[in-house]
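Beneath this line is the structure, given in structure tokens, with notes to follow.
All values below were derived from every heavy atom in this structure, side-chain atoms included, with hydrogens, water molecules and symmetry-related copies excluded. No experiment lies behind these values; they were computed from the predicted model shown.
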Amino acid sequence: DIDFEKISHISNHEYEIIAKNKNTKTGTVLYSLVGSYGNAVALKNDDKVSFQRHIGFIETKRNEILPEFLSIFLN
């Protein structure tokens with residue numbers, strides 16, 4: 001899970017710049033690609049999130065694979 005106690009906030013303007021083409025929604029799987037390689041988590045809501053460039057995000061088709069299963073499989 002994501003520890004929302006340790007998050008930082010940015011302005012909506014900064015978010016719009018950073019989040020171009022990185023729109024996340026419930027079920028998006030975030031996956032660390034470097035450093036702590038291999039940590040995956042499925043987002044549980046549609047809150048706006050922004051993340052560093054070394055975090056990949058995977059959109060699934062729920063009728064093909066559940067994001068919760070994918071995150072467990074990747075971990």
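With a 6.0 Å radius and a threshold of 12 heavy atoms from other residues, nucleotides or ligands, Phe73 has its CZ atom at or below the threshold.
Among all heavy-atom pairs drawn from Gly27 and Thr60, the shortest one is O-OG1, 4.4 Å. Closest of all the heavy-atom pairs between Ala40 and Asn75 is N-OD1, 2.8 Å. Here the shortest heavy-atom pairing between Thr24 and Glu59 reads CA-OE2, 4.2 Å. For the pair Leu70 and Val29, the tightest heavy-atom approach, listed with the atom from each and the gap, is CD2-CG2, 4.1 Å.
Judged by distance alone, the side chain of Thr28 and the main-chain N or O of Leu43 form no donor-acceptor pair under 3.5 Å. Of the possible donor and acceptor atoms, none in the side chain of Asp46 sits under 3.5 Å from a partner among the backbone N and O of Lys25.
No continuous path of hydrophobic side-chain contacts links Ile72 to Tyr31 [ILVMFWY only; heavy atoms under 4.5 Å].
Considering CG of Leu74 and CG of Leu30, their distance stands at 11.5 Å, rounded to 0.5 Å.
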